[in-house]
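Per chain, numbering begins at 1; letters A, B, ... match sequence-line order.
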Amino acid sequence: MLQGALAGLAAGGLYAVLAVCLTLMSRLVRVVNFAQAATGMVGSYLAVWLVVHTGLPEWAATLGGILLGAGLSAGLGWIVCTWLAETDTGTRSAVTAAVLLLLISLSFILFGNKPQPFRPVLAGPAFQVGGVVVSQVTVATVGLAVLVALACRLLLGRTAVGVRLRALSERPTTAELLGIPAKPLSIAVWAGTGLVATLAISVVAPSQSNDPTSLAMLVVPASAAALLGGFRRLDLAVGGGLVLGVVEGAVAQSDHLSLVRYFLPLLFIVALLLWSQRKEVWDAAR
Amino acid sequence: MNTLRVNGVTVARGAGPVIRDVSLELVPGRITALVGPNGAGKTSLLEAISGVLPIASGSVHIGPHDLTRQSRVGRFRRGLAHIEQGRAVFGGLTVLENLRLTARTGEQVDQVLALFPELAKRADSPAALLSGGEQQMVVLARAFAANPAFLLIDEMSLGLAPVVFTRLLPVVSRFAAEGAAILLVEQFTHLALGIAQDAVVVSSGRVTHQGPAPDLLASPATLHTAYLGESR
Ligand SMILES: Nc1ncnc2c1ncn2[C@@H]1O[C@H](COP(=O)(O)OP(=O)(O)OP(=O)(O)O)[C@@H](O)[C@H]1O
Ligand SMILES: [Mg+2]
C-alpha cells in the first residue's frame, strides 16, 4: 500500500503542477485551459522526435520541446487576446477544448498513435523511506509543484508585475485605462504556464502511459485538483493534486479496486461540486 | 500646450448611434462641465474618448497626435485618464496597491493620501472592504496619482456624502489650476457648473448647448431648454 501510494506521488506531483497552471490561467486570464496538458504533450513529443531524427543531445531536445510548449501556449494566448478579448470565460474555455482535440489529432498524424520511445530525463531512486524507494521523478515533480506555487504566490503578492496581473484579472478594462498592457501580460501568463506544464510532462512522460490521449487527458485529474482550490487557491491545488495521485497509487495496488482508479478524478470532481453546492441548496430552501 | 480635440465624433452602441457628431475641446487649466439628462450619452462619449468604446466616425486628437485608432494603453500614455462611472476599484488589491498602479514614487502616493486622510488609515485593507464613498476616493486618488494632463471624470459624486463631495470639488479645481484639462460629468449640475469654465449640454446624443459655464449657471431657462433637447 505504502509502495503504491509513494509510486502515485510522482503522478500526484504532475497533477499538482498542472493544477497550479490551470489555477493561474483561470485567475489571471479567465480561461479554463483544457489544452494545458495537450500543449505539454506536443512539446514533449517534439523532444523525442528531435532525439530520434536529428540526434540532438537529450537535454537540448528537451529544452527545445519545452520552448515549443511555451510558444504554442503563447500563440494560443495571442489568438484569444486578439479575437476573444471581450468574450466571457465560457467562450474562451470552449476554444481551448477545440484546441485540445486539434492537438490530439495533430499528434496522431505527426507522431502516430503508439507511445513514444521516450528516454527518461530523470531515472533511478532519490532516497528510501522505511525500505520504500522514492524516485527522482517523484522528488522533481513534487518539488516543481511546490516551487511553482510558492514562486507565483510571491510574484502575485509582492511584485509590481504581480499586482498588475491581479488588477488585470479583476477589471481588464479599468486596468487598461490605467496603462496596464493587458495583451503582453496575458500572453506572458499563457507562455509561462505552457512552459511549466511542458517541463513537468517531459519529466514524467517516460515513466507513465504516454500515448497522446493519456497525456492530453491529464487535464482531467489536474482540473479535479484545481477545483479543490476553487481555481483560485494555489496551495489547495497542490494539495489536491498530491492527494489524488497518492490515492490513485494506493488504489491501484488492490485487485478489487484497481479499476476504480480511472474514475477517481471524476468522482473527486462530482464530490467537490456537490460539496460546493450545499450552501446554495440551503439558501434556496429557505 | 496641447489640447484634446473631439471632432465630429459619432458612437454606435447596440441599436444605433448614442452620440452623434459631437465636437469639443479640452484646454489645459480649464474644467469643462458635461451635463445632460440620464441616457443622454455622457458616459458613452467619455468611453469613446478613452478608448473603451470604438469611434464610428470623427476623431480624437491630443495636440498633433491622432488617438482615434489608438489602444486604451496608448491613450493613457499620451496623458489621458478616465474615472469610470461606478466605483471602479480593484477590490482584491489593498488601497496602497490600487494607488501604486499609477503612482511612480512613494512621494506621489503620500501626496494623494494627503488629499484623502480617510484613506491613509485604511491603506493596507483590501479596497473591497471599504465603504462606497471610500472606494470612490480610492478611484479619484488613483487617477490623480497618474498625474494626467487630461482627466475625464464620470459622476464623481456617486456614493459620496455631500460634505465629502463639496470638499473634493476644490481639489479638482486645484488640479486644473496646476495645468490639467478636465471633463467633468456630474448629476449635480449646479455644483459642476459652479467650478467649471466651459459647459457642454448633451441630450439624446447631440450637443444642445455649448458656452461659458457661468453664463449657463446664470440662465436656468437656457439650461432647461438644452436639457429638453432643443438645440439653439
Ligand atoms: N451596454 C449598452 N448597450 C447598448 N446600449 C447602451 C449600453 N449602455 C448604454 N446604452 C444606451 O446608450 C445611451 C447613452 O447611455 P449613457 O450611459 O452614455 O448615458 P449617460 O448620459 O451617461 O446616462 P447617466 O446619466 O444615466 O449615466 C442610452 O440610451 C443607453 O440606453
Ligand atoms: Mg453615465
Side-chain angles (χ1 to χ4, degrees), chain A residues 23-31 77-89 149 152-189 229-237, chain B residues 43 46-54 67 70-106 109 124 126-128 135 138-148 150-154:
Chain A
T23 304
L24 288 171
M25 291 291 288
S26 153
R27 260 181 77 172
L28 300 179
V29 294
R30 292 173 299 124
V31 169
W78 184 86
I79 290 172
V80 170
C81 291
T82 306
W83 286 299
L84 300 168
E86 311 279 329
T87 57
D88 61 0
T89 305
C152 289
R153 208 197 150 106
L154 283 180
L155 177 86
L156 292 177
R158 300 283 169 80
T159 68
V161 170
V163 174
R164 284 181 157 62
L165 281 169
R166 276 157 56 210
L168 195 58
S169 70
E170 220 177 288
R171 291 176 159 270
T173 305
T174 304
E176 282 189 286
L177 288 175
L178 296 172
I180 298 172
K183 199 166 160 180
L185 280 178
S186 302
I187 292 176
V189 172
F231 280 88
R232 294 205 60 80
R233 284 190 52 180
L234 296 171
D235 51 350
L236 289 180
Chain B
T43 297
L46 262 54
E47 290 184 338
I49 297 174
S50 68
V52 176
L53 288 178
L67 302 191
Q70 273 209 344
S71 68
R72 294 160 195 168
V73 175
R75 296 181 203 208
F76 174 84
R77 292 196 178 136
R78 286 259 172 246
L80 183 64
H82 176 181
I83 294 179
E84 296 159 276
Q85 186 168 356
R87 296 181 290 271
V89 287
F90 298 104
L93 272 54
T94 65
V95 171
L96 267 186
E97 284 173 333
N98 266 281
L99 299 182
R100 286 195 189 126
L101 288 174
T102 50
R104 259 170 230 92
T105 60
V109 173
D124 290 316
Q135 291 184 352
V138 172
V139 173
L140 280 170
R142 197 176 60 197
F144 285 161
N147 207 7
F150 303 93
L151 180 58
L152 316 176
I153 306 181
D154 201 348

Show the pairs of one donor and one acceptor atom, one from chain A and one from chain B, lying under 3.5 Å apart.
{"residue": "A:R164", "atom": "NH2", "partner": "B:L101", "partner atom": "O", "Å": "3.0"}
{"residue": "A:R166", "atom": "NH1", "partner": "B:E97", "partner atom": "OE2", "Å": "3.4"}
{"residue": "A:R166", "atom": "NH2", "partner": "B:G92", "partner atom": "O", "Å": "3.4"}
{"residue": "A:R166", "atom": "NH2", "partner": "B:E97", "partner atom": "OE1", "Å": "2.9"}
{"residue": "A:E170", "atom": "OE1", "partner": "B:G92", "partner atom": "N", "Å": "2.9"}
{"residue": "A:E170", "atom": "OE2", "partner": "B:G91", "partner atom": "N", "Å": "2.4"}
{"residue": "A:E170", "atom": "OE2", "partner": "B:G92", "partner atom": "N", "Å": "3.3"}
{"residue": "A:R171", "atom": "NE", "partner": "B:V89", "partner atom": "O", "Å": "3.0"}
{"residue": "A:T174", "atom": "OG1", "partner": "B:E84", "partner atom": "OE1", "Å": "2.7"}
{"residue": "A:T174", "atom": "OG1", "partner": "B:E84", "partner atom": "OE2", "Å": "3.4"}
{"residue": "A:E176", "atom": "OE1", "partner": "B:R72", "partner atom": "NH1", "Å": "2.8"}

Side chain / backbone / both / neither for B:V139 at chain A, heavy atoms under 4.5 Å
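For B:V139, no heavy atom lies under 4.5 Å from chain A.
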Practice item. Pick one of side chain, backbone, both or neither for B:A88, based on which atoms fall under 4.5 Å of a heavy atom in chain A. Key: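 Its backbone and side chain both get close to chain A.
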**Prompt:** Top residue by heavy-atom pair count (under 4.5 Å) with chain A, among B:V52, B:L80, B:V73?
**Reply:**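 Most heavy-atom pairs within the cutoff with chain A belong to B:V73.
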Which bit of A:A160 is near chain B, if near means a heavy-atom gap under 4.5 Å: side chain, backbone, both or neither?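 For A:A160, neither part sits under 4.5 Å from chain B.
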Considering all heavy atoms, the nearest B:F90-A:L178 contact
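Nearest heavy atoms, B:F90 then A:L178: CE1-CD1, 3.7 Å.
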